[in-house]
Chemist: 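Got a structure for you, written out below as structure tokens; questions coming shortly.
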Protein chains: 2
Amino acid sequence: MAPVNGNDPNGGRQRGVTIIDIARAAGISKTTVSRVLNGEAGVAPATRTHVTEVAARLGYRANTAARSLRTRSSALVGFLVPHLNEVFSQQAERLSLELRHHGVDLVISTSDWDPVAEVEIVERMASRGVDALVLSLTSDRNPDVARLLKTIDPALVLLDREVRGIAADTVLTDQSGGVEGAVAHLVELGHERIGLISMTDVNRPGREVPAAWRRAGERAGLDFGPELNVALPRFDAASGASATGRLLAADVTAVIACVPEAAIAGVLFDLRDRGVSIPGDLSLVGYHEPVLASAKEPRIAAITRDYGEMGVIAGRLAITRLANRDQRPRIETVGTGFVPASSTAPPRRS
Amino acid sequence: MAPVNGNDPNGGRQRGVTIIDIARAAGISKTTVSRVLNGEAGVAPATRTHVTEVAARLGYRANTAARSLRTRSSALVGFLVPHLNEVFSQQAERLSLELRHHGVDLVISTSDWDPVAEVEIVERMASRGVDALVLSLTSDRNPDVARLLKTIDPALVLLDREVRGIAADTVLTDQSGGVEGAVAHLVELGHERIGLISMTDVNRPGREVPAAWRRAGERAGLDFGPELNVALPRFDAASGASATGRLLAADVTAVIACVPEAAIAGVLFDLRDRGVSIPGDLSLVGYHEPVLASAKEPRIAAITRDYGEMGVIAGRLAITRLANRDQRPRIETVGTGFVPASSTAPPRRS
DNA sequence: TTGAAAGCGCTACCAG
DNA sequence: CTGGTAGCGCTTTCAA
């Protein structure tokens, strides 16, 4: 039998079983009940089993809000991503799972690649009282965000981002392995004019990828001019298509597209519309290919990394940070690799 | 200047500005501060502006836990999905956005298609105090879940699921439009043995899709035997591949695959390995195709619907439900359509 | 239009 | 090993 509660003063939600109800039913103090429920040591085994039993019988469920208020911790982590595409979804799923193992839930919000929305979202999450905030910022060069991050309470984990003045736990991607692999592969096939579609320099991959590409070119004795690098501010199909046009005009024989899948789709559509065949007329390297896409030809060679792992690492960083907020910031690096496929071939001799 | 707080009795988080700090700074009671912050009527304009000003100056951020405790509402909605694939991610993104417009945040958890995990997750979210729970259950026939849903407090929104004994707000999918469109299209091309890969009957699409397929067959004067329907319990590539084998053994000339993308990828891989060409040897209809996959041939004809819209509707149902928990359950239906593409053709005459 | 006081459910402290 | 008490920050009476 559920205990009879006083008549509800609140028009709203149901009252629910509290530790006081358990205490009464067990003829014991709520302090001890709390101790049992939290698995603290120093409770007589008999008491423990009894309380556990009563709690189960009454269908007790802890009130998280009350606990949060008292302990100043919400067991909630926020995850801010630009967009829930396959890459970020995968990160989210693994991050969520990792956190769940530690009794922590994940609040997700998308900015739709809008730096202004990002500020609002971070603000919201801070006010929500998340214990930690995992950030895949659209722009890590936005001074408003940088300023905001200094004033908020949650622990921070940056996902392949570097914010000036913020020394936070970070999961970095080392782009060099993948990019150099791709360039080396293309050079070996005989390509010299290797175009790059990248993100703009407002976030770390947008800075690191072009740098790695240029380095790799130099290593191969090639000087990649700026006309070979198109930096996209947006990642819809139209942007991808326009980048393709610019690179074809620059006489590239190969393109490395380190941008989200929606933009790469734009590249593919545009090439098809122009009658440019892959890899016959143009070699293409992408940046992760969804499984369903990879089931069709040409399979896109890709610079890739383990997104799920990034989520797991972010989760671990968050959890360990919460256990000890005073430790110094840690940086974990995830490598990238080049996965060859049927989308590359020797350049057409003209 | 931030007010000087007493020395922190808590080893943990920072103290933060409270309404008491504002009240003191403004020389006013915390009641009035609360009223202003919540935009309640009955406050002198002068007081209102002053309080607003002071709050901004001190950098006040409401403590959500305290508010939740008092109001018994968390401004949090839970979303349970089997897996964050493209379909569910899209729903999640739009749902999240819709909720955000109303000041509500979204907690996401994935069950990895595990009905047991689902029970735990629902339990967790209830204990977390979510105001509403949006559920894409792996199995809506799991009695444990049905029982649990009756005991918990949050408002429920079911996403294309029907749980016995639970009268909740629901977003239903009407599969008939899409399935009948697909069957009619294939029949018109001359197909008679049209196989179906579906989910099992543990959830609503797993029941509705086969029913619609059978009806559509009857309407065309065809009697689809049970050997033409493979119901998958899992949705990895291997499952998709094995389903393909069984249907080919049943001499189908066309396959409709109403299963998640990972399984459809398995179908494609398997067909390629067997040297079965699409649509030359076999016509294929899928169930939504990611943009990057659609950029390559063959483009998979699909039975599809607006996933984003489903998320938006779910969000609206949740929000309006919270505004009035006593209204009777509402059911919104989303239609499906058939989108032809290059993956279908007349059957090979043998 | 304003304020005092009560209390949401829980954990932390201290005394026994 | 156990219990009493204080209070987290907020909203909500109720009274002025």
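Residue numbers begin at 1 in each chain, while the letters A, B, ... track the order of the sequences. Since we're looking at a predicted model, the values are computed, not measured.
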Chemist: Starting at atom CZ of A:Arg128, determine the distance to atom P of D:dG9, rounded to an integer number of angstrom.
Modeler: 18 Å

Chemist: Between A:Ser34 and C:dC10, does any side-chain N or O lie under 4.0 Å from OP1 or OP2?
Modeler: no

Chemist: Rounded to the Å, how far apart are B:Arg24 CZ and D:dC10 P?
Modeler: 12 Å

Chemist: Take B:Arg316 and B:Glu98, measure what side chain to side chain contact (heavy atoms under 4.5 Å, CB included) needs, and give me the verdict at the end.
Modeler: CA-CA 7 Å; B:Arg316 276 208 278 268; B:Glu98 182 68 21; 3.4 Å; yes

Chemist: Tell me the interatomic distance from A:Ile19, atom CD1, to C:dA12, atom P, rounded to whole angstroms.
Modeler: 11 Å

Chemist: Which part of the nucleic acid, if any, lies within reach of A:Ala62 when heavy atoms closer than 4.0 Å are counted: base, sugar-phosphate only, or nothing?
Modeler: sugar-phosphate

Chemist: Using five base pairs at each end to define the local axes, how bent is the helix from C:dT1-D:dA16 to C:dG16-D:dC1, to the nearest 10°?
Modeler: 30°

Chemist: Apply ring pair (Phe, Tyr, Trp, His ring centres under 6.0 Å) to B:Tyr60 and list each qualifying residue two or more places apart in sequence or on a separate chain.
Modeler: none

Chemist: Check the distance between D:dC10's C1' and B:Asn38's CG and give it to me in whole angstrom.
Modeler: 9 Å

Chemist: So, for A:Thr64 and A:Ser74, which heavy atoms are closest and what is the spacing to 0.1 Å?
Modeler: CG2-O, 4.4 Å

Chemist: Sequence neighbours left out, what pairs pass side chain to side chain donor-acceptor pair (under 3.5 Å) with at least one residue falling in residues 38-53 of chain A?
Modeler: A:Asn38-A:Arg67

Chemist: For A:Leu149, what residues pass the side-chain contact (heavy atoms from CB on, under 4.5 Å) criterion, not counting sequence neighbours?
Modeler: A:Val122, A:Leu135, A:Val145, A:Ile152, A:Leu156, A:Val163, A:Ile166

Chemist: Ion pair present between B:Asp140 and B:Arg204, side-chain N to carboxylate O less than 4.0 angstrom?
Modeler: no

Chemist: Can you measure A:Tyr60 atom OH to C:dG9 atom C1' for me and round it to whole angstrom units?
Modeler: 8 Å

Chemist: Checking A:Arg35 now: which residues fulfil side-chain hydrogen bond (donor to acceptor under 3.5 Å, both in side chains) with it, not counting sequence neighbours?
Modeler: none

Chemist: Measure the distance from CG on A:Asp153 to P on D:dG9 and round it to the nearest whole Å.
Modeler: 12 Å

Chemist: Nearest 0.5 Å, please: how far is CG in A:Asp169 from CZ in A:Arg330?
Modeler: 4.0 Å

Chemist: Enumerate the residue pairs fulfilling salt bridge (Lys or Arg N to Asp or Glu O under 4.0 Å) with a member in residues 107-120 of chain A, sequence neighbours excluded, ordered by first and then second residue.
Modeler: none

Chemist: Using a cutoff of under 3.5 Å, can you pull out all pairs of nitrogen or oxygen atoms linking the protein to nucleotides 5-8 of chain C, with atom names and distances?
Modeler:
| from | atom 1 | to | atom 2 | distance (Å) |
| --- | --- | --- | --- | --- |
| C:dG7 | N2 | B:Arg70 | NH1 | 3.2 |
| C:dC8 | O3' | B:Arg72 | NH2 | 3.1 |

Chemist: Are there any protein N/O atoms within less than 3.5 Å of an N/O atom in nucleotides 14-16 of chain C, and if so, which ones and at what distance?
Modeler:
none

Chemist: By side-chain contact (heavy atoms from CB on, under 4.5 Å), which residues pair with B:Ser89, not counting sequence neighbours?
Modeler: A:Leu84, A:Ser89, B:Leu84

Chemist: Can you tell me how far CG of B:Leu158 sits from CG of B:Leu137, rounded to the nearest 0.5 angstrom?
Modeler: 6.5 Å

Chemist: Where along residues 41-53 of chain B does a heavy atom come under 4.0 Å from DNA chain D, residue by residue in number order?
Modeler: none

Chemist: Does A:Arg141 have any side-chain contact (heavy atoms from CB on, under 4.5 Å) partners at least two apart in sequence or in another chain, and if so, which?
Modeler: A:Ser139, A:Arg164, A:Arg207

Chemist: Rounded to whole angstroms, how far apart are CD on A:Glu40 and C1' on D:dC1?
Modeler: 13 Å

Chemist: If you look only at pairs with a residue in residues 310-331 of chain B, which of them pass as a ring pair (Phe, Tyr, Trp, His ring centres under 6.0 Å), with sequence neighbours excluded?
Modeler: none

Chemist: Take B:Ile319 and B:Leu99, measure what side chain to side chain contact (heavy atoms under 4.5 Å, CB included) needs, and give me the verdict at the end.
Modeler: CA-CA 7 Å; B:Ile319 293 292; B:Leu99 294 174; 3.9 Å; yes

